[in-house]
K.L.:
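Structure below; questions to follow.
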Number of protein chains: 2
Amino acid sequence: MIEAAGLEPGDALASSRELAKRFEVTTPTIREALRRLEATDVIRFRHGSGTYVSGGVNRRLLVNPHVSESRSESVLELLDARIVLEPPVAAAAAAARTDDDLTALTLSADNSLKPQYADERPELHFHVALAGASGNLLLRETIEALLQVRARDQIEIRHRYTDRDRDHADHVRIVEAVRDGDADAAAALTRDHLVAIREAIASTLGPEQAR
Amino acid sequence: MIEAAGLEPGDALASSRELAKRFEVTTPTIREALRRLEATDVIRFRHGSGTYVSGGVNRRLLVNPHVSESRSESVLELLDARIVLEPPVAAAAAAARTDDDLTALTLSADNSLKPQYADERPELHFHVALAGASGNLLLRETIEALLQVRARDQIEIRHRYTDRDRDHADHVRIVEAVRDGDADAAAALTRDHLVAIREAIASTLGPEQAR
DNA sequence: CACAATAAGTGACTAAATCACTTATTGAAT
DNA sequence: ATTCAATAAGTGATTTAGTCACTTATTGTG
């Protein structure tokens with residue numbers, strides 16, 4: 001129904017009672033269906049106001065909200081995965097970027113000096129914008145989902161371990177490589193950037209967990 | 001509660017009525033909670049039998065089951081994303097593989113001659129096993145989730161466009177490179193393998209969609 | 001004109017049933 | 001002794017009718 005009506009994030013759904021009438025079931029049944037959609041962030045409930053379409057409608061990959069991250073070493077696991085996956089994405093971006101991509105990339109690089117909107121505006125996250133410049137939406141969604149893993153830790157990492165100036169300088173260099181269409185340089189710079197972050201975190205966790 | 005009790009896929013949950021008593025709510029409320037868990041495949045209902053823990057409990061990345069893939073060109077989009085991401089994963093596998101990984105890899109390569117269990121047994125899917133050999137679980141889960149995108153099309157692809165013998169031969173060569181610890185070769189062979197599949201599909205879709 | 005009271009609309013939840021389905025048990029026929 | 005159909009208990013699926021909690025636009029008063 002959301003698809004058929006072409007509803008987009010922010011749009012309101014019909015009320016539970018109305019949906020119940022339309023589908024000829026009762027409200028508890030409707031609620032069960034809506035709760036499933038809520039689980040993948042397709043819709044959100046606002047008590048007393050209504051239910052609204054959310055960002056999940058156009059997000060094919062997502063993080064399982066029902067798996068709690070307990071093991072602390074998985075922060076490094078995540079960084080290791082990013083070190084493998086993101087450099088080639090940067091290379092692809094360097095090969096395929098449009099002028100619009102460059103504009104968005106520059107904007108998000110500047111935002112890394114004051115990353116205040118990074119959580120609610122994913123397109124302002126540098127690494128997401130970088131993946132977006134590859135022209136492949138699925139690639140962008142993959143990186144986006146990956147960055148949602150251990151999101152809580154990542155916020156703390158940004159606040160405690162990240163040197164914002166250095167971060168920004170790294171990002172600017174990557175943007176330059178992408179602008180010049182230098183795939184190898186973009187990949188290498190991205191790898192160095194992530195390795196530096198990994199090292200900074202690993203050293204604070206103590207050598208026994210650094211592998 | 002699933003975590004606390006250490007329940008694993010296949011284990012049964014308490015009945016709805018019992019859960020309702022335990023949490024001091026009524027059954028419709030319990031059902032809403034369970035439906036959310038169902039949406040990310042943490043649990044599954046079996047009418048008349050019970051509700052059981054499912055594979056989603058230890059899957060951090062997953063495909064949004066509520067987004068229907070309509071555009072046919074996204075098959076190529078998926079292949080393009082895999083061409084970017086999987087070669088470096090293969091390289092990482094060549095660098096980190098253990099003997100156990102090699103055994104699993106050989107097994108899954110053989111399975112690609114008769115890929116009958118590929119859907120219900122993800123570890124038998126060659127590209128998942130390859131990612132697993134990297135030693136990074138998140139990397140494996142990422143590839144696993146990616147392969148779930150357009151799963152329906154992928155089954156058809158396997159049945160119609162794939163030359164099983166050639167597929168198997170490609171896989172064997174990749175395994176050899178991983179065994180020898182030759183990261184560059186593993187990456188190159190994986191890229192060639194995926195590019196060949198992409199070309200086969202692109203040609204059947206007609207040149208206008210091949211980009 | 002500002003602002004508090006109001007009323008209508010919405011989600012959240014309850015309570016007590018009934019229906020649909022599965023599965024282990026039971027007991028009779030073979 | 002074995003087989004197999006009837007049975008009963010347990011489980012999920014859904015209904016019905018209503019109440020509570022919250023939001024928001026409207027209205028009437030100061």
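These numbers come from the heavy atoms of this one structure, side chains and all, not from hydrogens, waters or symmetry mates. Quick note on labels: first sequence line is chain A, next is B, and so on, each numbered from 1.
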K.L.:
Can you name the residues that form a side-chain hydrogen bond (donor to acceptor under 3.5 Å, both in side chains) with Ser49(B), not counting sequence neighbours?
P.N.:
Tyr52(B)
K.L.:
For Asp170(A), enumerate each residue passing the side-chain contact (heavy atoms from CB on, under 4.5 Å) test, keeping only those at least two apart in sequence or located in another chain.
P.N.:
Arg166(A), Arg173(A), His193(A)
K.L.:
Over how many whole Å does the gap from Leu34(B) atom CG to dT14(D) atom P extend?
P.N.:
14 Å
K.L.:
Would you kindly give the CD-to-P distance between Glu32(A) and dT14(D), to the nearest whole Å?
P.N.:
7 Å
K.L.:
I need the OH-C1' distance between Tyr52(B) and dC21(C), as an integer number of Å.
P.N.:
12 Å
K.L.:
Donor-acceptor pairs under 3.5 Å, side chain of residues 1-8 of chain A to any protein atom, not counting sequence neighbours: which ones?
P.N.:
| from | atom 1 | to | atom 2 | distance (Å) |
| --- | --- | --- | --- | --- |
| Glu3(A) | OE1 | Ser68(B) | OG | 3.3 |
| Glu3(A) | OE2 | Ser68(B) | OG | 2.5 |

K.L.:
Can you tell me which residue pairs pass the salt bridge (charged side-chain N to carboxylate O under 4.0 Å, His left out) test with a partner in residues 10-19 of chain B, sequence neighbours excluded?
P.N.:
Glu18(B)-Arg22(B)
K.L.:
Let me know the distance between NZ of Lys21(A) and C1' of dT10(C), rounded to the nearest Å.
P.N.:
13 Å
K.L.:
For Ile43(A) and dT10(C), what is the distance between atoms CD1 and C1' respectively, to the nearest whole Å?
P.N.:
14 Å
K.L.:
Distance check needed: dG12(D) C1' versus Glu38(B) CD, whole Å only.
P.N.:
11 Å
K.L.:
For Arg46(A), check salt bridge (charged side-chain N to carboxylate O under 4.0 Å, His left out) against everything at least two apart and list the hits.
P.N.:
none
K.L.:
dT14(D) P sits how many Å from Phe45(B) CZ, rounded?
P.N.:
10 Å
K.L.:
Check the side chains of Asp101(A) and Thr98(A) for a donor-acceptor pair under 3.5 angstrom, ignoring hydrogens and angles.
P.N.:
yes
K.L.:
I'd like a table of atom pairs between the protein and nucleotides 9-11 of chain D - only N or O on both sides, under 3.5 Å - with the distance next to each one.
P.N.:
| from | atom 1 | to | atom 2 | distance (Å) |
| --- | --- | --- | --- | --- |
| dG10(D) | N2 | Gly48(B) | O | 2.7 |

